[in-house]
**Student:** 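I have a structure I would like to understand better, so I am pasting it below and will then ask my questions one at a time.
Naming convention: chains lettered A, B, ... in sequence-line order (proteins, then strands); numbering from 1 in each chain.
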There are 2 protein chains.
Amino acid sequence: MTPKLKTATRNTQQRQVIKECIRKLSHPTADDVWHCVTDKLPNVNKTTIYRNLSRMVEDGALKRFMTENGVMLFDSTPERHYHLHCERCGRVFDVEPTLSDQIAEIVQREKQFLITGQKLILSGICAACQASAPAGNKKATTQT
Amino acid sequence: MTPKLKTATRNTQQRQVIKECIRKLSHPTADDVWHCVTDKLPNVNKTTIYRNLSRMVEDGALKRFMTENGVMLFDSTPERHYHLHCERCGRVFDVEPTLSDQIAEIVQREKQFLITGQKLILSGICAACQASAPAGNKKATTQT
DNA sequence: CTTTTTGCAAACCCTTTGCAAGACA
DNA sequence: TGTCTTGCAAAGGGTTTGCAAAAAG
């Protein structure tokens, strides 16, 4: 296979704002990023968001994963950590690396399965939702 | 909210064959089920497959989850267990309930997060693929 | 006969692609 | 300038919906 030499990268306005948004959002959908970006740069197309996010994933600057409803979320936290996805309120919580490691270790030891970081999502009901009565369902955005 | 009274259920030919296929396949996609069904009943529409699978999920006869590529898989194993999804060969492996319980326990203890069964999928590279060289990518079907 | 199901076609949603025009370096 | 990026429109792929015709009980 051809070595795939890397091409130059340009610092467009769009790209800059996208990066800012990535920094301030946590576990955003492409759509979340788009809303954030258009606050500052009103005419950015969603395609541009997708292309930039994909590029960042390729470059390893971002990770991405799929929720149970088939929407992808992006994550810029570099260390390996897992996610808890609350099915009631839609929020995504991080599991600290230490705890993640315990889990990864169990699986790797028992199943000889190599877990590639940041791809574990546990779905269920978060502590807050367990406490409160059956609540309304928010958007899938964060909270760590 | 209205109590939602349940309506009668009919035992169509299609439904019977779909159930058979569910029994013999493990972690199938809707498309897998469709292929299996049309072997026996050539003219079944994919919509019928979807509708029946969704219904079974509602009735609790089936669980379903999403892979990283946004395709849903169905699972008829009743006890709680988790899945290992190999990113290289696409196969899905079960994690026995005992091991799953260890993991669930850690998360529940440390994060007060209530895991609702069968929604944990660990992505990575399976033992076989680690052993062999970078292989071709099969379809996401099973192996336990 | 009445009500559930089916098949078909079209709608949906999110994500990706093709291409010409525009922006960076 | 040269080529990386963008915007727009259209294509894709899996899943869902609307509706009239067919089947189950």
**Student:** I'd like to know if R64(B) and E68(A) make a salt bridge, using a cut-off of under 4.0 Å between side-chain N and carboxylate O.
**Tutor:**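 No, R64(B) and E68(A) are not salt-bridged.
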**Student:** Could you tell me how far apart M66(A) (CE) and dC14(C) (P) are, to the nearest whole angstrom?
**Tutor:**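 Interatomic distance, CE of M66(A) to P of dC14(C): 12 Å.
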**Student:** Expressed in angstrom and rounded to an integer, what is the separation of L41(A) atom CG from dT6(D) atom C1'?
**Tutor:**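 It works out to 12 Å between those atoms.
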**Student:** In whole angstroms, how far is the C1' atom of dA25(C) from the CD atom of Q16(A)?
**Tutor:**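 After rounding, the reported distance stands at 14 Å.
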**Student:** Roughly, in whole Å, what's the span from CD1 in I49(A) to P in dC14(C)?
**Tutor:**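 Going from I49(A) (CD1) to dC14(C) (P), I get 15 Å.
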**Student:** I'd like to check C126(B) versus L84(B) (side-chain heavy atoms, cut-off strictly below 4.5 Å). Are they in contact?
**Tutor:**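 Of all side-chain heavy-atom pairs linking L84(B) with C126(B), none is under 4.5 Å.
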**Student:** Measuring to OP1 and OP2 of dT6(C), would you say a side-chain N or O of N52(B) lies under 4.0 angstrom away?
**Tutor:**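 True: N52(B) side-chain N/O within range (under 4.0 Å) of dT6(C) OP1/OP2.
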**Student:** Between T98(A) and D101(A), is there a side-chain donor-acceptor contact under 3.5 Å, judged purely by atom types and distance?
**Tutor:**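 The answer is no; no qualifying pair exists.
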**Student:** Examine dT5(C): is either OP1 or OP2 under 4.0 Å from a nitrogen or oxygen in the side chain of R55(B)? Give yes or no.
**Tutor:**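 So the side chain of R55(B) is within the cut-off, an N or O lying under 4.0 Å from OP1 or OP2 of dT5(C).
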**Student:** Any side-chain donor-acceptor pair under 3.5 Å between D75(A) and T77(A)?
**Tutor:**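 T77(A) and D75(A) do have a side-chain donor-acceptor pair below 3.5 Å.
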**Student:** Between R15(A) and E20(A) (salt bridge meaning N to carboxylate O under 4.0 Å), is one present in this structure?
**Tutor:**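 No, no charged N to carboxylate O under 4.0 Å.
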**Student:** Between atom CG in N45(B) and atom C1' in dC19(D), what is the gap in whole Å?
**Tutor:**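 The distance from CG of N45(B) to C1' of dC19(D) comes to 14 Å, rounded to the nearest Å.
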**Student:** Can you confirm whether the side chains of D32(A) and T29(A) place a donor and an acceptor under 3.5 Å from each other?
**Tutor:**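 Short answer, yes.
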**Student:** I'd like a table of atom pairs between the protein and nucleotides 16-23 of chain C - only N or O on both sides, under 3.5 Å - with the distance next to each one.
**Tutor:**
| from | atom 1 | to | atom 2 | distance (Å) |
| --- | --- | --- | --- | --- |
| dG18(C) | O6 | R51(A) | NH1 | 3.2 |

**Student:** Hey, is the side chain of T9(A) poking within less than 4.0 Å of OP1 or OP2 on dT5(D), counting only N and O atoms?
**Tutor:**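 For dT5(D), OP1 or OP2 has a side-chain N or O of T9(A) closer than 4.0 Å.
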**Student:** To the nearest angstrom, how far is L53(A) atom CG from dT6(D) atom P?
**Tutor:**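 From L53(A) CG to dT6(D) P: 11 Å.
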**Student:** Whole angstrom is fine here: how far is it from CG in N43(B) over to C1' in dT6(C)?
**Tutor:**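 To the nearest whole Å, that distance equals 12 Å.
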**Student:** Figure out the CG/P separation between D31(B) and dG12(D), and round it to whole Å.
**Tutor:**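 Interatomic distance, CG of D31(B) to P of dG12(D): 18 Å.
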**Student:** Which sits closer to the 5' end of DNA chain D, N11(B) or F74(B), going by the nucleotide each is nearest to?
**Tutor:**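 Result: F74(B).
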**Student:** When you compare the side chains of H35(B) and D31(B), does any donor N or O come within less than 3.5 Å of an acceptor on the partner?
**Tutor:**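 Their side chains do contain a donor-acceptor pair, which is all the 3.5 Å distance test asks for.
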